Amino acid sequence: MDKEKLKLDRMRYVNDSVPSLFAILAIVFDVLYFVLIYKINNEYFYTYMIGISIVVNLLFMLFGFWCSIEVKNYHGKFGYVMILLGLVQLFRIFVYPMNAHNATYLQGELLVPVMSNGQFTQSIIYLLASAALMIVGGLMSIRNSRTLQNYLNSLEKN
Amino acid sequence: MASLSLQHIDKIYDNNVQAVYDFNMDINDGEFIVLVGPSGCGKSTTLRMVAGLEDISNGTLLIDGKDCTRLPAKDRDIAMVFQNYALYGHMTIYENMAFSLMLAKEDKYVIHEKVMAAAEILGLTAQLNKKPNQLSGGQRQRVAMGRAIVRNPKVFLFDEPLSNLDAKLRGSTRREIKLLHKRLGTTMIYVTHDQTEALTLADRIVCMSMGHVQQIGTPLELYDHPKNLFVASFIGLPPMNLFSLKVEDGKYFVEGVETKLPDRVVKAAEKAGKDNYILGIRPEDIHPGNDFELDVNLNENTGHFTLTHGKLFGKTSCAKFRDWKNYQPGDKVGVSFDEERVHLFDAETTEAVL
């Protein structure tokens with residue numbers, strides 16, 4: 001059996017672990033992101049938005065973990081869900097970090113910045129990493145599941 | 001494949017209990033050796049010493065002429081299959097079979113080829129994506145064997161691999177092991193307390209008792225020419241009937257009853273010149289006849305043969321008759337022995353005289 005065929009044949013028995021791992025890592029970066037945001041303890045965040053943010057984080061982790069399990073078994077449809085989750089993470093950059101950056105709030109008589117430059121950069125990096133992992137993982141999952149399906153179809157034909 | 005030489009091997013535990021005494025044996029390349037004996041006779045301990053799982057207290061173990069007495073288990077190139085399968089429940093069958101090669105950092109495509117080849121041999125290809133708890137006992141044992149096969153070891157060791165299986169599965173898996181040996185041609189050492197497994201699988205059997213080797217030989221040698229009383233009574237199902245034989249003034253008393261014995265037995269007894277012997281007759285060597293009387297107390301029909309239990313020379317005995325017999329308790333059945341197959345043992349030393 002040539003190496004290419006071996007590679008395909010091996011896929012029948014081995015988990016698609018890279019996209020699955022990417023989904024888990026994306027969750028880890030999301031956790032780092034929200035820990036950073038919730039650590040910033042000031043009035044700017046105490047609006048209904050923080051409730052929505054918590055719900056979004058919970059849903060992201062739930063679906064992210066679900067995708068991680070499913071793509072491991074070459075369920076390519078969940079690759080699309082991963083891409084969607086990645087896009088959500090990209091969108092979130094424009095919700096908190098971009099809005100909070102340069103914003104100020106009143107502490108006593110002083111106007112204090114909501115977010116330092118360091119915190120802003122960190123939060124952007126976390127969200128970008130989370131988004132990139134989800135999108136790349138999703139694309140890999142779609143490609144791998146299609147490849148496996150084509151191979152299985154060819155086996156059935158033979 | 002490999003040849004092994006076990007030279008004067010002893011196993012003495014820290015509490016000074018000796019489990020194996022002076023085990024000597026040369027095992028040829030590709031041979032199927034079965035260690036058989038009752039529980040606690042030292043057969044598993046011997047196997048574990050070969051595997052490197054137990055230290056060898058005294059003696060030398062050579063594998064392919066190389067001294068492996070103190071070599072760690074991982075460096076001996078030996079694979080062992082355990083009674084309880086020892087599979088990883090969270091891994092698929094494929095992963096279970098590939099695991100040892102992954103640890104050895106083998107190329108993943110080489111691993112795949114080896115696993116697929118082993119699965120093909122064992123008929124497990126369709127089960128590779130399943131978890132062990134989805135398989136039957138026999139299939140799990142085949143996975144355990146597959147895990148050993150993929151390593152392509154010099155020697156396979158089996159420690160009572162069929163003990164957890166039901167009778168039917170035990171029979172089929174036993175045949176699979178035999179076929180596997182024929183196919184791979186690898187040296188195999190197999191431990192069992194089941195004499196049927198020993199007789200059907202072995203090229204040579206090592207019969208052990210209390211840490212001592214009682215006899216080493218082919219299955220037929222052990223069955224037809226047991227070296228001592230232990231081997232005679234252990235090998236054979238139902239076990240050999242044993243009767244005390246006393247010689248007084250040239251007369252022969254079996255269980256106190258004066259009896260005319262075959263010339264062959266008389267000559268052997270005269271030659272040995274002792275007064276007390278044990279006479280051994282296998283149940284299958286007793287036939288319907290007119291020489292002696294069997295006082296029936298139980299009849300077991302199995303279809304193709306009948307086990308008739310009763311008193312022979314006043315001692316509880318068993319006869320294995322061909323075909324279906326409808327004896328009733330209390331019946332007196334005339335029987336004869338196959339004279340050529342009567343065994344005689346020295347009552348004092350228990351060694352075979354005939």
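Values below: all heavy atoms of this structure, side chains included; hydrogens, waters and symmetry mates excluded. Keep in mind it's a predicted model, so treat the numbers as computed, not measured. Residue numbers start from 1 in every chain, and the chains themselves are labelled A, B, ... in the order their sequence lines are given, proteins ahead of strands.
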Within residues 69-78 of chain B or reaching into it, pairs that qualify as side chain to side chain donor-acceptor pair (under 3.5 Å) - sequence neighbours excluded: B:Asp67-B:Thr69
Rounded distance (nearest 0.5 Å) linking atom CG of B:Asn129 with atom CG of A:Asn73: 9.0 Å
Proximal to chain A - members of residues 93-105 of chain B, heavy-atom separation under 4.5 Å: B:Tyr94, B:Glu95
B:Lys178 atom NZ: more than 12 heavy-atom contacts under 6.0 Å: yes
Euclidean distance, B:Thr125 OG1 relative to A:Tyr13 OH, rounded to 0.5 Å: 6.0 Å
Closest non-hydrogen atom pair between B:His112 and A:Arg10, with its separation: CE1-CA, 3.4 Å
Over 12 non-hydrogen atoms of neighbours within 6.0 angstrom of CD in B:Glu120: no
Residues, nucleotides or ligands: over 12 heavy atoms within 6.0 Å of A:Phe29 CZ: no
Within 6.0 Å of OH in B:Tyr13, more than 12 heavy atoms from elsewhere: yes
